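See below for the structure under consideration.
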Amino acid sequence: QVQLVESGGGLVQAGDSLRLSCVASGGQFSRYNIGWFRQAPGKEREFVSAISRTSETYYADSAKGRFTISRDNAKKTVFLQMNDLKPEDTAVYYCASKHTIVTGFLRPASANDYDYWGQGTQVTVSS
């Protein structure tokens with residue numbers, strides 16, 4: 001059983017930055033691919049970014065050039081640095097984990113491929 005706890009959300013203005021954290025407990029963190037998804041009101045959950053157990057990174061087009069994902073296995077934490085935030089980034093951000101023993105990540109954007117999810121952290125960007 002893996003538990004994921006997100007933090008770092010908040011209310012910011014357009015152009016500001018936030019760093020989200022996803023802390024895992026249980027399991028062997030170094031064997032987990034981790035993804036970030038978000039869900040805005042009235043919209044479906046969408047992929048934002050992911051990092052494999054071997055630190056390959058993946059980004060949605062909306063995140064490329066503004067967001068950076070990283071992991072610290074010693075702290076069992078994945079970070080999502082979000083710069084130049086826009087009002088359309090407003091959403092609840094969730095992290096999710098997928099246990100794997102292979103390198104890379106076949107379908108990082110597929111929510112159905114993940115095993116465990118956190119409760120989410122709210123990000124609100126005002127214009």
Side-chain angles (χ1 to χ4, degrees):
Q1 185 80 14
V2 176
Q3 292 185 328
L4 302 171
V5 179
E6 305 95 334
S7 64
L11 172 62
V12 298
Q13 293 186 333
D16 286 349
S17 299
L18 282 174
R19 188 174 80 156
L20 305 184
S21 298
C22 172
V23 180
S25 60
Q28 189 170 351
F29 185 73
S30 62
R31 291 191 174 184
Y32 287 99
N33 294 335
I34 302 292
W36 283 98
F37 290 75
R38 68 187 182 187
Q39 187 166 19
K43 295 187 177 181
E44 294 188 353
R45 189 171 297 189
E46 66 174 2
F47 171 74
V48 177
S49 180
I51 187 165
S52 74
R53 60 181 290 265
T54 49
S55 296
E56 287 92 352
T57 58
Y58 310 83
Y59 297 96
D61 287 344
S62 60
K64 288 178 182 176
R66 299 189 300 128
F67 295 2
T68 303
I69 192 170
S70 61
R71 66 188 296 157
D72 184 335
N73 287 346
K75 296 182 178 179
K76 296 187 176 182
T77 302
V78 168
F79 302 100
L80 184 68
Q81 177 68 43
M82 306 189 296
N83 298 329
D84 190 24
L85 284 161
K86 305 177 186 300
E88 51 263 41
D89 294 318
T90 295
V92 178
Y93 284 70
Y94 300 89
C95 66
S97 67
K98 174 178 173 58
H99 181 269
T100 182
I101 60 173
V102 300
T103 58
F105 201 163
L106 186 60
R107 292 184 296 269
S110 173
N112 290 336
D113 280 14
Y114 292 82
D115 305 313
Y116 296 98
W117 292 80
Q119 293 300 305
T121 185
Q122 176 71 46
V123 172
T124 303
V125 185
S126 64
S127 58

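Just so you know, these numbers come straight off a predicted model, no measurement behind them.
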For residues [X] and [Y], determine if any side-chain heavy atom of one lies less than 4.5 Å from a side-chain heavy atom of the other.
{"X": "V125", "Y": "D16", "value": "no"}
{"X": "M82", "Y": "V123", "value": "yes"}
{"X": "V23", "Y": "Q3", "value": "no"}
{"X": "Q1", "Y": "Y116", "value": "yes"}
{"X": "V5", "Y": "Q119", "value": "no"}
{"X": "S7", "Y": "T121", "value": "no"}

| query | Is the backbone of C95 close enough, under 3.5 Å, to the side chain of E6 for a donor and an acceptor to pair up by distance? | reply |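 Yes, because the side chain of E6 sits within donor-acceptor range (under 3.5 Å) of the backbone of C95.
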
From [X] [atom1] over to [Y] [atom2], what is the distance, rounded to the nearest 0.5 angstrom?
{"X": "Q28", "Y": "K76", "atom1": "CD", "atom2": "NZ", "answer": "9.0 Å"}
{"X": "K98", "Y": "D115", "atom1": "NZ", "atom2": "CG", "answer": "5.5 Å"}
{"X": "L4", "Y": "T77", "atom1": "CG", "atom2": "OG1", "answer": "10.5 Å"}
{"X": "K86", "Y": "S127", "atom1": "NZ", "atom2": "OG", "answer": "12.5 Å"}

| Pairs involving residues 43-57, ordered by first then second residue, that meet side-chain hydrogen bond (donor to acceptor under 3.5 Å, both in side chains) (sequence neighbours left out) |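 Those involving residues 43-57 are R38-E46, S52-T54, S52-E56, T54-E56.
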
| request: Output, in order, the C-alpha distance, side-chain angles, deciding distance and verdict of side-chain contact (heavy atoms from CB on, under 4.5 Å) for Y59 and I69. | output: CA-CA 9 Å; Y59 297 96; I69 192 170; 3.5 Å; yes

Which pair of non-hydrogen atoms, one from [X] and one from [Y], has the smallest distance, and what is that distance?
{"X": "A111", "Y": "W117", "result": "O-CZ2, 3.6 Å"}
{"X": "V92", "Y": "Q122", "result": "CG2-OE1, 3.2 Å"}
{"X": "D72", "Y": "F29", "result": "O-CE2, 4.1 Å"}
{"X": "W36", "Y": "S21", "result": "CH2-O, 3.7 Å"}
{"X": "T90", "Y": "A40", "result": "O-CB, 3.6 Å"}

| query | side-chain contact (heavy atoms from CB on, under 4.5 Å) between V2 and H99: does it pass, once the steps are laid out? | reply | CA-CA 10 Å; V2 176; H99 181 269; over 6 Å; no

| field | By side-chain contact (heavy atoms from CB on, under 4.5 Å) - contacts of S110 (at least two apart) | value |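 Testing S110 for side-chain contact (heavy atoms from CB on, under 4.5 Å), a comparison that skips the adjacent residues, returns R107, N112, D113.
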
| query | Honestly curious: do L80 and L18 fall in one hydrophobic cluster under the side-chain, below-4.5 Å linking rule? | reply |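 Yes: a chain of side-chain contacts under 4.5 Å links L80 to L18.
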
| Transitive ILVMFWY cluster of L106 at side-chain heavy atoms under 4.5 Å: who else is in it? |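 Answer for L106: none, a lone residue.
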
| field | Salt-bridge present (K64, D61; N to O < 4.0 Å) | value |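 Salt bridge between K64 and D61, a charged N being under 4.0 Å from a carboxylate O: yes.
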
| Where at least one partner belongs to residues 60-96, residue pairs that pass ring pair (Phe, Tyr, Trp, His ring centres under 6.0 Å), sequence neighbours excluded |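 Residue pairs with at least one partner in residues 60-96: there are none.
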
| field | Residues forming a ring pair (Phe, Tyr, Trp, His ring centres under 6.0 Å) with F47, sequence neighbours excluded | value |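 F47 satisfies ring pair (Phe, Tyr, Trp, His ring centres under 6.0 Å) with F37 once adjacent residues are dropped.
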
| request: Using the test ring pair (Phe, Tyr, Trp, His ring centres under 6.0 Å), find all partners of F105 that sit at least two apart in sequence or belong to another chain. | output: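 In terms of ring pair (Phe, Tyr, Trp, His ring centres under 6.0 Å), with neighbours along the sequence ignored, F105 is linked to Y114.
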
| Just wondering, more than 12 heavy atoms not from K75 lying within 6.0 Å of its NZ? |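 No, because the 6.0 Å sphere around NZ of K75 holds 12 heavy atoms or fewer from other groups.
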
